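Remember, predicted model here, so these are calculated numbers, not experimental data. Both ligands and their constituent atoms are indexed starting at 1 by order of listing. What's counted below: heavy atoms across the whole structure, side chains too, no hydrogens, waters or symmetry copies.
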Amino acid sequence: MIVVIDGPAGSGKSSTAKAVADRLGIQYLDSGALYRAVTLVYIKSNLNRTTFFDQLKSIKISFRYIDSFFHVYINSEEVSQEIRTMNVSDKVSEVASMPEVSAYVNRLMNDAVKHDEYIADGRDLGTAVFPNAAMKFFMIAELETRAKRRLLELKSQGSNVTLEQILLNISERDQKDSSRKADPLRKADDAIEIDTSSFIFEEQVGFISEKIRPLVKSKTK
Ligand code: DC
C-alpha cells in the first residue's frame with residue numbers, strides 16, 4: 001500500500017508524512033532525500049556527467065526510517081546530514097531533471113514499497129511514480145511561509161543560512177521543479193489539496209491519518 005503527498009519545497013510534506021506514518025505505524029519514504037543522495041554523488045564526481053553516470057551504475061543507495069528519522073546511505077556510509085547542506089540544495093533540481101536520475105530513484109522506490117505499507121512525499125509521486133497510489137495529497141503554502149519553515153529546520157541543525165538565501169533557493173527550485181520537461185511538479189487530478197498556510201499542524205496530521213486509516217492493514221493502527 002502506498003499513499004503519496006506531493007507539493008513544493010517547504011510546504012510541510014515531510015513533517016506531516018512522518019507524523020502520519022508514526023501515528024498509523026507505517027513506513028515513511030522521503031523521495032527528495034534520495035534525489036539529494038544522488039546529487040551528492042554528482043557533486044563528488046566533480047560535476048562530470050560521464051563519471052557520474054558510471055558511478056550511478058555501481059553505487060548502492062539505501063534508506064531506513066527509524067524513530068522518526070529518515071536515514072540515507074551511499075554504499076554503507078550514512079549521508080543523512082550531508083544531503084541537507086545548501087551545496088546539495090543548490091544542485092538537486094538540476095540533477096533531478098536528468099532522466100537517468102529519475103529512472104534510478106523511481107526504480108529504488110518502486111522496489112522498496114513492494115514489501116510494506118508506505119506514505120511517501122515528493123514532487124511527482126502522484127502523477128508519475130505511483131499513479132495508482134491508494135490515496136494522494138497535494139500540499140501547498142505561500143513562499144514566505146515555506147521559507148520560514150525551512151529556516152527554522154536548518155537553524156535547529158546548526159546552519160547559519162539566511163532567510164534571503166532560502167527564499168532564493170526555494171523560488172528557484174519551484175521554478176525548475178514545475179517547468180522541467182519530464183514529470184514536473186503538478187497536482188494529480190485525483191489528489192486532495194491541502195493548503196497548509198491555513199491548517200494547524202496537528203489538524204492536518206489528523207485529517208490525513210483518518211483518511212488513510214481504513215486502508216492500513218498492519219501494526220499499531
Ligand atoms: O523534498 P526536497 O526539497 O528534499 O527535494 C529535493 C529536490 O528533489 C526537489 O527540489 C526536486 C527533487 N525531487 C523530485 O524531482 N521528485 C521527487 N519526487 C522528490 C524530489
Side-chain angles (χ1 to χ4, degrees), residues 2-18 21 28-43 56 61 63 65 69-72 74 79-113 118-133 136-141 143 145-154 157 159 161 165-188 191 196:
I2 172 84
V3 169
V4 299
I5 305 185
D6 286 311
S11 55
K13 308 177 299 285
S14 64
S15 39
T16 305
K18 274 187 216 168
Y28 165 62
L29 170 51
D30 179 347
S31 65
L34 305 182
Y35 278 103
R36 287 169 179 273
V38 174
T39 303
L40 199 56
V41 176
Y42 181 54
I43 291 171
L56 209 51
I61 293 182
F63 55 88
Y65 183 59
F69 190 85
F70 191 78
H71 297 265
V72 187
I74 299 179
V79 294
S80 313
Q81 302 292 348
E82 212 177 340
I83 59 171
R84 301 288 161 197
T85 57
M86 286 307 277
N87 213 7
V88 171
S89 296
D90 284 339
K91 282 270 169 294
V92 64
S93 290
E94 175 192 333
V95 175
S97 70
M98 298 177 194
E100 295 84 348
V101 170
S102 49
Y104 178 90
V105 172
N106 293 348
R107 196 167 50 243
L108 200 65
M109 292 194 285
N110 268 290
D111 286 348
V113 305
Y118 275 90
I119 181 162
D121 76 315
R123 300 292 187 287
D124 55 357
L125 303 185
T127 51
V129 189
F130 300 111
N132 299 319
K136 302 175 186 176
F137 297 88
F138 192 79
M139 286 197 164
I140 53 166
L143 176 65
T145 313
R146 295 190 277 128
K148 284 184 182 156
R149 278 187 196 142
R150 256 303 134 85
L151 182 68
L152 282 179
E153 192 183 308
L154 289 170
Q157 293 164 9
S159 165
V161 67
Q165 283 172 310
I166 297 182
L167 274 168
L168 185 67
N169 173 263
I170 291 189
S171 53
E172 279 178 2
R173 285 204 284 144
D174 278 356
Q175 211 275 330
K176 283 183 191 155
D177 294 347
S178 42
S179 65
R180 71 183 184 201
K181 270 207 203 99
D183 307 326
L185 169 67
R186 183 177 67 76
K187 177 181 166 297
T196 68

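- Here the two rings, on Tyr28 and Tyr118, have centers that are 6.0 Å apart or farther.
- Near Asp177, meaning under 4.0 Å from one of its heavy atoms, ligand 1 places the atoms 9 (C), 10 (O), 11 (C).
- Residue contact check: Leu125 has heavy atoms under 4.0 Å from atoms 18 (N) of ligand 1.
- At the top of the distance list for atom 13 (N) of ligand 1, counting protein heavy atoms only, stands Tyr35 CD1, 3.5 Å.
- Taking the charged nitrogens against the carboxylate oxygens, Asp121 and Lys18 have no contact shorter than 4.0 Å, which rules out a salt bridge.
- The contact set between ligand 1 and Val92, taken as ligand atoms under 4.0 Å from a residue heavy atom, comprises 6 (C), 7 (C), 8 (O).
- The Ala96 neighbourhood of ligand 1 comprises atoms 12 (C), 15 (O), with distances under 4.0 Å to a heavy atom of that residue.
- Around CD of Gln81, the count of heavy atoms belonging to other residues, nucleotides or ligands within 6.0 Å does not exceed 12.
- Met139 approaches Pro8 most closely through the heavy-atom pair O-CD, 3.2 Å.
- Close approach of ligand 1 to Ser31 is summarised as follows: ligand atoms under 4.0 Å from at least one heavy atom of the residue are 17 (C), 18 (N), 19 (C).
- Counting heavy atoms only, Arg123 comes closest to atom 9 (C) of ligand 1 of the residues Arg84, Lys176, Arg123.
- Annotation for ligand 1: atoms under 4.0 Å from non-hydrogen atoms of Arg173 are 2 (P), 3 (O), 5 (O), 6 (C), 7 (C), 9 (C), 10 (O).
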The test is salt bridge (charged side-chain N to carboxylate O under 4.0 Å, His left out); show your working for Arg146 and Asp174 and say whether it passes. CA-CA 11 Å; Arg146 295 190 277 128; Asp174 278 356; 2.8 Å; yes
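- Looking at Arg180 and Asp124, a side-chain N of the basic residue comes within less than 4.0 Å of a carboxylate O on the acidic one, giving a salt bridge.
- With a 4.0 Å cut-off on non-hydrogen atoms, Arg180 touches ligand 1 through its side chain and not its backbone.
- Residue Asp124 has at least one N or O atom closer than 3.5 Å to an N or O atom of ligand 1.
- Atoms of ligand 1 lying under 4.0 Å from any heavy atom of Ser93, numbered from 1 in the order shown and given with element: 10 (O).
- At under 3.5 Å, not a single nitrogen or oxygen of Lys13, backbone or side chain, sits near a nitrogen or oxygen of ligand 1.
- Every side-chain contact (heavy atoms from CB on, under 4.5 Å) that Ala188 has, sequence neighbours left out, goes to Thr127, Lys136, Asp190, Ala191.
- Electrostatic pairing of Arg123 and Asp6 does not count as a salt bridge here, judged by no charged N lying under 4.0 Å from a carboxylate O.
- Here is the list of ligand 1 atoms found below 4.0 Å of a heavy atom in Arg36: 2 (P), 3 (O), 4 (O), 6 (C).
- When all heavy atoms are compared, the tightest approach of Ala141 to Arg149 is CB-NH1, 4.0 Å.
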